[in-house]
Amino acid sequence: MSHPSVEKIKLESCHLRGTLAEGLADATTGSLNFEDQRTIKFHGSYQQDDRDLRDERRRQKLEPAHQFMVRIRAPGGVFTTEQWLALDKVATTHASHSLRVTTRQTFQLHGVLKRELKAAMRAIHACGLDTISACGDVNRNVLGASNPLLSPLHAQVHDWAQRLSEYFKPRTRAWYEVWLDEPQPDRIEEEPLYGDAYLPRKFKIAIAVPPYNDVDVFANDVGLIAIVDDAGQLAGFNVAIGGSMGASHGIKAHYPRVANAIGFVTPEQVFAIAQSAVTVQRDLGDRNDRKHARFKYTIDDHGSDRIRELMEQRAGFKLQPARPYRFEHNGDRFGWVEDTGGRWHLTLSLPSGRIADTPGRPLLTGLREIARIHRGHFRMTCNQNVIIADVPEDQRGAIEALVARHGLDSENKAPTALARTAVSCVALPTCALAMAESERYLPDFLNAVEPLLEKHGLKEQPILFRMSGCPNGCSRPYLAEIALVGKAPGRYNLMLGGDHRGMRMNTLFLDNATEPDILQTLDALLGRYATQREPGEHFGDFLHRAGIIALPAYPTHVRVDPDEAVA
Ligand code: SRM
Ligand code: SF4
């Protein structure tokens, strides 16, 4: 039986209601029907199955072990301690006893059974959160710099992330009806911004505060780069468009792309310019081919200048020339830092963002204990880490004691700088698209690469490593200095030469490689880097200067020079 297209499903879903309420109530299966599996994404949830159990269940003629992933909407990635405890409760009552910090600064819960979904959603709502448009063809979780050192500006950026998220939230009441039993209105509401078919594809917005690009602003459909005036006040934002990581192995027409800066807007112009980008994409984006439907392809098909003109027409003003800025790096800074107001912030590196209790590592329990005494906030970072934020001086000791007791700083003490900053996507066993392991393979790979870094005296050298289980690029691997992109079980594409600021994409170096091949290659290259690098030179930059790799041949603008201030 052929299935209807996603466009048809959206149009016929009555603004994302579909038959979800009935499907959830059907106790004869743990699954939803095909259409509702698409519709539920807009509600922040994916139907999945445990891929470790797939073959065995098939042999036993059982339906797959259906379960749901739930993603929280958390613009700017800030949670109160009450919210932390509430999500912990959801994880331990309705899900797989883990909270997973994502590369977009929020939490995912895995393993929620269909019969538990409603209770989980209601508990999430009860603590002041929701999962509305955390997934689906709409604007997703808006990212905001998590750098607590720049507190006044951070607070403003967090506010912008909240407001943009709210502004682009669909108007449909479907989420409230399905999960909270709100009665359906007599007349279905309008969707003035999105229309009945919503967007052709997902849409992502991020706000960075130079000199830190911890949100990887150039990986977003719209990136806003905060520009500060001479008095330290927010002057406005440079606007970059068309970033996205998704690609396909062996298909040149599907490529990752870094966003290109098209100009500068004042704070008063932000909504208008962001809305113009969303509506240009809504109207011009490809609705026939989902693999060609992201804003980057609309931009490349029509030309960036034409898209800028259209955006200006719709916004009703001309963009000013982009202003200079400089990024130092796109990572997190671990350990304690004091902000300008005298409060303390502790950044803890987490293993692929996974917060669970495993033998000898009670991370979920430890962070729960901290949430019970902590008087500030928790901030998630886009590198899958957590900041215990806004700690008064007199509470540092108590928090430190809990950190030590539960081994929460073991990742901070990882033997190499590369391990501390490594990012890997979820992949198996929950991700339906995974071609190879990622999160579960990361510890083994880090152990294997550590002796090489030690041998070449590079244990403390910051080298950005990222791994994804398939070319969709959820860990933003194409921006890493070294990346593994899964191709098949135990096989990866080795990508090399991104920069440490999230401004230059890497290049395919080894295709379909096994771990021994990858380690042998890295051994040789790290050896050359150790002996031939210039003072302060990063690994990715060295690979380019030494002529070991060239820029990727993507048909897009690529930032050639990482020192270049404005594209
Ligand atoms: Fe992603 C699909 C996990 C960030 C590009 N992503 C998926 C799905 C839902 C698989 C699926 O469609 O069945 C994964 C669920 C796995 C699981 O079991 O949990 C998944 N993506 C994730 C997370 C959890 C990765 C992580 O380890 O943290 C991140 C959740 C972010 C969030 O909280 O919203 C996540 N995904 C990203 C990013 C990074 C970013 O946004 O900064 C990207 C690259 C940027 C981009 O959008 O291009 C990304 N995910 C994709 C794509 C490729 C999209 C494309 O345009 O080609 C897919 C596949 C798709 O949409 O068809 C995908
Ligand atoms: Fe799944 Fe691929 Fe995303 Fe990893 S990169 S979570 S394997 S879709």
Side-chain angles (χ1 to χ4, degrees), residues 6 37-38 41 44-51 67-75 77 96 98 100-111 131 133-137 139-143 200-206 214-221 223 242-249 251 254-259 285 289-297 330 350-354 380-385 423-442 466-479 483-487 502:
V6 176
Q37 284 180 38
R38 270 76 212 154
K41 295 182 186 183
S45 179
Y46 269 67
Q47 180 172 317
Q48 305 182 316
D49 70 293
D50 187 332
R51 292 181 60 183
Q67 53 183 43
F68 290 79
M69 172 270 273
V70 173
R71 192 181 283 168
I72 311 291
R73 184 174 68 97
S96 60
S98 88
R100 174 57 157 69
V101 184
T102 74
T103 51
R104 288 192 79 76
Q105 222 173 10
T106 185
F107 285 119
Q108 278 188 182
L109 297 116
H110 290 98
T131 63
S133 40
C135 319
D137 297 344
N139 178 55
R140 302 281 190 93
N141 203 33
V142 180
L143 307 183
R201 207 61 164 88
K202 59 179 81 167
F203 199 90
K204 298 182 174 179
I205 302 179
D214 56 344
V215 296
D216 263 336
V217 72
F218 299 110
N220 287 265
D221 296 276
S244 156
M245 296 282 99
S248 302
H249 287 310
I251 304 180
H254 303 158
Y255 48 84
R257 184 189 195 275
V258 283
D289 177 3
R290 287 183 66 76
K291 280 283 184 192
H292 182 256
R294 287 295 289 272
F295 195 27
K296 63 183 168 189
Y297 300 119
N330 61 349
L350 296 170
S352 302
R354 182 69 67 180
M380 304 306 117
T381 81
C382 300
N383 294 304
Q384 303 172 323
N385 299 315
V423 176
S424 70
C425 75
V426 178
L428 292 158
T430 52
C431 179
L433 307 178
M435 299 170 170
E437 294 280 356
S438 182
E439 182 181 323
R440 295 197 295 196
Y441 172 46
L442 182 69
R466 291 177 175 173
M467 189 190 301
S468 275
C470 84
N472 283 315
C474 298
S475 60
R476 298 185 291 270
Y478 308 109
L479 292 170
L484 298 187
V485 177
K487 214 164 174 189

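Each ligand, and each atom within it, is numbered from 1 in the order the structure gives. Reckoned from all heavy atoms, side chains included, excluding hydrogens, waters and symmetry mates. Remember, predicted model here, so these are calculated numbers, not experimental data.
Counting the atoms of ligand 1 from 1 in the order shown, those under 4.0 Å from a heavy atom of K204 are 36 (N), 37 (C), 38 (C), 40 (C), 41 (O), 43 (C), 45 (C), 46 (C), 47 (O), 49 (C). Ligand-side atoms of ligand 1 in range of S424: 27 (O), range being under 4.0 angstrom from any heavy atom. Less than 4.0 angstrom separates some heavy atom of Y46 from each of these atoms of ligand 1: 9 (C), 11 (C), 12 (O), 13 (O). Listed by atom number, the atoms of ligand 1 under 4.0 Å from T106 heavy atoms are 33 (O). Listed by number with element, the atoms of ligand 1 under 4.0 Å from a non-hydrogen atom of R100 are 26 (C), 27 (O), 28 (O). The distance from ligand 1 to the heavy atoms of R104 drops below 4.0 Å at these ligand atoms: 31 (C), 32 (C), 33 (O), 34 (O), 40 (C), 41 (O), 42 (O). Remark: ligand 1 atoms within the under-4.0 Å shell around heavy atoms of R201 are 60 (C), 61 (O), 62 (O). Atoms of ligand 1 lying under 4.0 Å from at least one heavy atom of C425, given by number and element, are 27 (O).
Contacts with ligand 1 closer than 4.0 Å are made by no heavy atom of Q105, backbone or side chain. Residue contacts with ligand 1, taken as heavy atom pairs separated by less than 4.0 Å, do not involve E439 at all. Both the backbone and the side chain of M245 come within 4.0 Å of ligand 1, judged by heavy-atom distances. Only the side chain of L433 comes within 4.0 Å of ligand 1, judged by heavy-atom distances. The part of Q48 lying near ligand 1 is the side chain, judged by heavy-atom distances below 4.0 Å.
For K202, the heavy-atom gap to ligand 1 drops under 4.0 angstrom.
Protein N/O/S atoms closer than 2.8 Å to atom 3 (Fe) of ligand 2: C474 SG.
The aromatic rings of F203 and F295 sit tilted relative to each other, their planes meeting at an angle between 30° and 60°.
Of all the listed residues (A293, P477, G473), G473 holds the heavy atom that lies closest to atom 44 (C) of ligand 1.
Each of K202, R294, R290, K204 was compared with D137 under the salt bridge (Lys or Arg N to Asp or Glu O under 4.0 Å) criterion, and only R290 meets it.
Residues R466 and D216 are paired through a salt bridge, judged by an N-O separation under 4.0 Å between the basic side chain and the carboxylate.
For ligand 1, the polar-atom distance check against A427 finds no nitrogen or oxygen pair separated by under 3.5 Å. Residue Q384 has at least one nitrogen or oxygen atom sitting less than 3.5 Å from a nitrogen or oxygen atom of ligand 1, judged on distance alone.
Looking at atom 28 (O) of ligand 1, its nearest protein heavy atom turns out to be T103 N, 2.9 Å.
How far CZ of R476 is from CG of N383: 6.5 Å, rounded to the nearest 0.5 Å.
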